[in-house]
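All chains are named by letter (A, B, ...) in the order of the sequence lines, taking the proteins before the strands, and each is independently numbered beginning at 1.
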Protein chains: 2
Amino acid sequence: MARVTTSPTFKRLPRAVREQQMLDAAVRVFSRRGFHAASMDEIAEDAGISKPMVYAYLGTKEELFIACLHREGTRLMEAIVAGVGTDLPPDEQLWRGLRAFFGFVGAHRDGWAVLYRQARAQQPFAGALATMRERMVEVIGTMLAQALAAEGREIRDMDLEVMAYALVGASESLADWLADRPDADPDKTATRMMNFAWVGAGQLLHGETWPPAPLSP
Amino acid sequence: MARVTTSPTFKRLPRAVREQQMLDAAVRVFSRRGFHAASMDEIAEDAGISKPMVYAYLGTKEELFIACLHREGTRLMEAIVAGVGTDLPPDEQLWRGLRAFFGFVGAHRDGWAVLYRQARAQQPFAGALATMRERMVEVIGTMLAQALAAEGREIRDMDLEVMAYALVGASESLADWLADRPDADPDKTATRMMNFAWVGAGQLLHGETWPPAPLSP
DNA sequence: CATCATACCTACTCGCACGTAAGGTTACGC
DNA sequence: GCGTAACCTTACGTGCGAGTAGGTATGATG
């Protein structure tokens, strides 16, 4: 069938490059439309390529979404573990983790939207996301457990897990807050989160803050 | 066209009753399938009624979802304001709010899933949900502001807002945790949340807890 | 008992978007 | 220079599900 095909003859690129472009486009489109409302046509167009290429390289819509999820998730994890030094006091570790986390979200708002806002809701992906969250909860849990061990104290495992969940949840919520406010500063957000998580609302209301800065630096 | 229509001739019910049945069904189906994967046919079938009735009473799929959102949201809000007494010390107020909140989620897991897991992701509804969350944030913010005023202290508005967001976010996260664990106890979850939010991770690790119960009652 | 409104049904239309068949075109090795 | 493989296209087939047309029962009111 195909007609003369050629308009101004676009550049041909190696597969690896195109794949990244497609993933970039997919993340953008999924992020602003949602999984279902996003059409493969729009993703292809946004990537400057035609639809069958997307199918040829990344497979079906679901597989494409999984690929996005995987890439963004890996990036986030890497950013965090790179930020958290080892062998530091627990509050310092937490602080660095939060800084890295909010830094990432501030710099990759689309990725964040795909990763959490979308994946959490859509049935087939909730599992994959849950796995990622487990890992984060585990990381935080381990950190807290070490802090406890250093003090020679003990808390039930479930309490630790719940605490880690609360921490992760609060962070996710503030990440949403941050993602919706382009002018907000990731570092300030991290500071506020740290104050809330470490010092607690009760002490915070009494004027206590996490060392050394006052509540609003 | 229509055939003999009648099998054993089901009960005819007044509109108000059917509407509630439909909403019940819609919440169930939306909750387990997600907005898009849910079909109007399945909702109708689950409600024990045929599709055109749904359109006649509740309108299009979007409108139906909005109706679910509205009903569940109102119920949640009512449960909370009923729980929070007025003119109590702030920690007591927070504690009661959390109890009511987790109690509601424990008893209406489907409603919770629709309200948050779904609405947050789907484009057209994010706005409506955001409004509801604003209200909650405002309620909490006001509460915190009163607590501050009682102490004669002051914090920037934005810090209060962020703190409220963190609190709401942590609660949502634990609500998810709770919704996924049928055997978990809402009251215990509320206790853990209260400890985390009020006392803070730092003090918690030192063995401090919120009065009067120890960490795991 | 006629009449009207309300509850309720079966059986369709129709568009959208996933996924694909079949065929062009450029680049690179030999 | 020539084959062949990788890149890229247009133009479909197809299924599913939102929404509707048009008709049937039932109960209330005169």
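- Protein atom CG of A:D41 is 12 Å distant from nucleotide atom C1' of D:dT10, rounded to whole Å.
- Under a cutoff of 6.0 Å and an axis angle of 45°, B:K61 and B:Y55 do not form a cation-pi pair.
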Between the protein and nucleotides 27-29 of chain C, are there any N/O to N/O pairs under 3.5 Å, and if so, what are the atom names and distances?
none

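- Separating the CZ atom in B:R15 from the CE atom in B:M53 is a distance of 8.0 Å, to the nearest 0.5 Å.
- B:T191 contributes atom OG1, which lies 3.5 Å from atom CH2 of B:W95 (distance to the nearest 0.5 angstrom).
- B:M40 has its CE atom 15 Å from the C1' atom of D:dC16, to the nearest Å.
- Heavy atoms of A:A38 sit under 4.0 angstrom from primed sugar atoms or phosphate atoms, though from no base atom.
- The residue B:S39 sits close only to the backbone: its heavy atoms come under 4.0 Å of sugar-phosphate atoms, none of a base.
- In A:E45, the CD atom is not crowded: 12 or fewer heavy atoms of neighbouring residues, nucleotides or ligands sit closer than 6.0 Å.
- One finds no side-chain N or O of A:R18 lying less than 4.0 angstrom from the OP1 or OP2 phosphate oxygen of D:dA6.
- The distance from atom CZ of A:R117 to atom CZ of B:R120, rounded to the nearest 0.5 Å, is 8.0 Å.
- At whole-Å resolution of the value, CG in B:L64 and C1' in D:dA18 are 12 Å apart.
- Across residues 52-62 of chain A, A:P52, A:Y55, A:T60, A:K61 each have a non-hydrogen atom less than 4.0 Å from an atom of DNA chain C (numbered order).
- B:L88 places a side-chain heavy atom less than 4.5 Å from the side chain of B:R96.
- Within 6.0 Å of the CG atom in A:D183, the count of heavy atoms belonging to other residues, nucleotides or ligands exceeds 12.
- Taking atom CD on B:E45 and atom C1' on C:dC9, their separation rounds to 15 Å, with Å as the unit.
- For the pair B:L13 CG and D:dT26 P, the interatomic distance rounds to 14 Å; values are reported in whole Å.
- The CD1 atom of A:I49 sits 10 Å away from the C1' atom of D:dT9 (whole-angstrom rounding).
- Two rings, from B:F102 and B:W112, have their centers 6.0 Å or more apart.
- Counting heavy atoms from C-beta outward, A:I49 and A:R18 have side chains that approach closer than 4.5 Å.
- One atom, NE2 of A:H36, and another, P of D:dG15, lie 18 Å apart when rounded to the nearest Å.
- Taking atom NZ of residue B:K51 and atom P of nucleotide C:dT13, one finds them 14 Å apart after rounding to whole Å.
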